[in-house]
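The analysis underlying the following values was restricted to heavy atoms, covering all of them including side chains, and did not include hydrogens, waters or symmetry mates.
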Amino acid sequence: MHAASPPPIPRNQVGSVVQAVTILRHLGVLTEGAGVTAIARAIGIGPSSCFNVLRTLLAEDLVNFDPVTKHYTLGLGTIDLARLALGRDALVSAAQAPMARLAERHEAAVGLWRLAHERLALVALAESAATTRIHMVVGQRQPASAGATGRAVLAAQASDDQAVLDAYAGARWRSPPGAETFLHQVREAERRGWAEDIGNINHGIATVASAIIDASGVVRFVLSASIFDGREGAAGMEVIGSDLCAGAHQLASAVYGQDKTRKSMS
């Protein structure tokens, strides 16, 4: 398989910086890292250029290098940068205590996702004391239209039917719900203020999500709660979803000052 050609870099952007960011994002989705050639092929640049950028990132502690496997992985420097960024975000800070309460109350993995550039990035995570837990990692990313979080975003944006169907077609599904079912689920999420995904993205995982919208009506974050599929019936999922929606509503009101999160609950 040939790597796709990289998009042209606008004149007002520095090519090496764009390459560095692209490499870091690529490494962020890999579980075991990769070598220079594989990274270069994946992002569509020459191995020599890729090596030079990686060498600079290594010097800045933004990537690690394993001399045995010859693989590069994200370095601890990226965590330091993330902490600095998150420390300045009022909503991320305000969400810590409510997320912890939701996680304990429902024995769920509760995540806070930031929406940017058609992607959702997990910026905070709260876990319960349950022995068996769902594995999530701060920093992981996913398309903005995927899963329960994607349905919540589409619902909060009041996307038209074609936009919803296009989002469905562009998402990767483990167990596709079907386009018409997906559209119905988005409309249902508009009505009740929260969305759900039952094993469509990740087998064995059920997730509910609710969008957090700023005072201008723009989706900024999504709050999610994930449990093992089958643990709760429809009524139980309704309880978790409603509780999550209330939490998203309270955070939006506290940080952005306006009630923009809830849809009609009729």
> With a 4.5 Å heavy-atom cut-off, do L112 and I212 have their side chains touching?
Replying inline: yes
>> Give me the atom names and distance for the closest heavy-atom approach of L62 to G77.
In response: CD2-C, 3.7 Å
> Taking T149 as the fixed residue, which of V222, D197, L223, L122 is the one that meets the side-chain contact (heavy atoms from CB on, under 4.5 Å) rule?
Replying inline: V222
> Which distance, rounded to the nearest 0.5 Å, do you find between the CG of N202 and the NE2 of H135?
Replying inline: 11.5 Å
> Is there a donor-acceptor pair closer than 3.5 Å between any side-chain N or O of E60 and the backbone N or O of L57?
Replying inline: no
> Under the side chain to side chain contact (heavy atoms under 4.5 Å, CB included) criterion, do L115 and V218 qualify, and how do the steps go?
Replying inline: CA-CA 10 Å; L115 177 64; V218 176; over 6 Å; no
>> Ignoring hydrogens, what is the shortest heavy-atom contact between W194 and M237? Give both atom names and the distance.
In response: CH2-O, 3.6 Å
>> Does V63 form a side chain to side chain contact (heavy atoms under 4.5 Å, CB included) with L24? I'd like the steps, not just the answer.
In response: CA-CA 8 Å; V63 300; L24 291 173; 3.9 Å; yes
>> To the nearest 0.5 Å, what is the distance between CZ on F65 and NZ on K70?
In response: 5.0 Å
>> Just verifying a value: how many Å separate L102 CG and L244 CG, rounded to the nearest 0.5 Å?
In response: 6.0 Å
> Of the non-hydrogen atoms in A108 and A225, which two are nearest, and what is the gap between them?
Replying inline: CB-CB, 4.3 Å
> Does a side-chain heavy-atom distance below 4.5 Å link H106 with I227?
Replying inline: no
> If you measure from CZ on F221 to CG on L120, what distance do you get to the nearest 0.5 Å?
Replying inline: 11.0 Å
> Looking at residues at least two apart in the chain, or sitting in another chain, which of them share a side-chain hydrogen bond (donor to acceptor under 3.5 Å, both in side chains) with E127?
Replying inline: none
> Where do S224 and T207 come nearest, in terms of heavy atoms and distance?
Replying inline: CB-CG2, 4.1 Å
> Which heavy-atom pair separates C245 from S210 by the least distance, and what is that distance?
Replying inline: CA-OG, 3.6 Å
> Considering residues at least two apart in sequence or located in another chain, which fulfil the side chain to side chain contact (heavy atoms under 4.5 Å, CB included) criterion with A38?
Replying inline: A34
> Between N64 and Y72, is any pair of side-chain heavy atoms under 4.5 Å apart?
Replying inline: no
> Side-chain contact, heavy-atom cut-off 4.5 Å: E196 with V208?
Replying inline: yes
>> I'd like to know if the side chain of Q140 and the backbone of A121 have a donor-acceptor N/O pair within less than 3.5 Å.
In response: no
> Is a side-chain N or O of T22 found less than 3.5 angstrom from the main chain of V18, in a donor-acceptor match?
Replying inline: yes
> Among all residues two or more places apart in sequence or in another chain, which pass the side-chain hydrogen bond (donor to acceptor under 3.5 Å, both in side chains) test with R174?
Replying inline: none
> What are the two closest non-hydrogen atoms of V219 and A156, and how far apart are they?
Replying inline: CG2-CB, 3.7 Å
>> side chain to side chain contact (heavy atoms under 4.5 Å, CB included) for T56 and L58? Distances and angles first, verdict last.
In response: CA-CA 5 Å; T56 302; L58 181 63; over 6 Å; no
> Members other than V186 in its cluster, when Ile, Leu, Val, Met, Phe, Trp, Tyr link by side-chain heavy atoms under 4.5 Å?
Replying inline: L154, V164, L165, Y168, W173, F182, L183, I201
> In chain order, what residues pass the salt bridge (Lys or Arg N to Asp or Glu O under 4.0 Å) check against R105, with sequence neighbours excluded?
Replying inline: D243
> Heavy-atom count around Q96 CD within 6.0 Å, excluding the residue itself: above 12?
Replying inline: yes
> What residues form a side-chain hydrogen bond (donor to acceptor under 3.5 Å, both in side chains) with E188, not counting sequence neighbours?
Replying inline: R191
>> In the structure I gave you, are the side-chain heavy atoms of R151 and N200 within less than 4.5 Å of one another anywhere?
In response: yes
>> Whether the Q19 and S49 side chains hold a donor-acceptor pair (N or O, under 3.5 Å, no angle test) is what I'd like checked.
In response: no
>> Would L27 and T73 count as a side chain to side chain contact (heavy atoms under 4.5 Å, CB included) here? Give the steps.
In response: CA-CA 6 Å; L27 290 177; T73 57; 5.9 Å; no
> Given side chains that start at C-beta, do those of H26 and I39 come closer than 4.5 Å, heavy atoms only?
Replying inline: yes
>> I need the S159 OG to E190 CD distance, nearest 0.5 Å.
In response: 7.5 Å
> Got a donor-acceptor contact below 3.5 angstrom from the S242 side chain to the V239 backbone?
Replying inline: no
> So, do I23 and I43 sit near enough that their side-chain heavy atoms are less than 4.5 Å apart?
Replying inline: yes
> Roughly how far apart are E107 CD and F228 CZ, rounded to 0.5 Å?
Replying inline: 11.0 Å
> Taking the side chain as C-beta and beyond, is there a heavy-atom pair between R119 and P143 under 4.5 Å?
Replying inline: yes
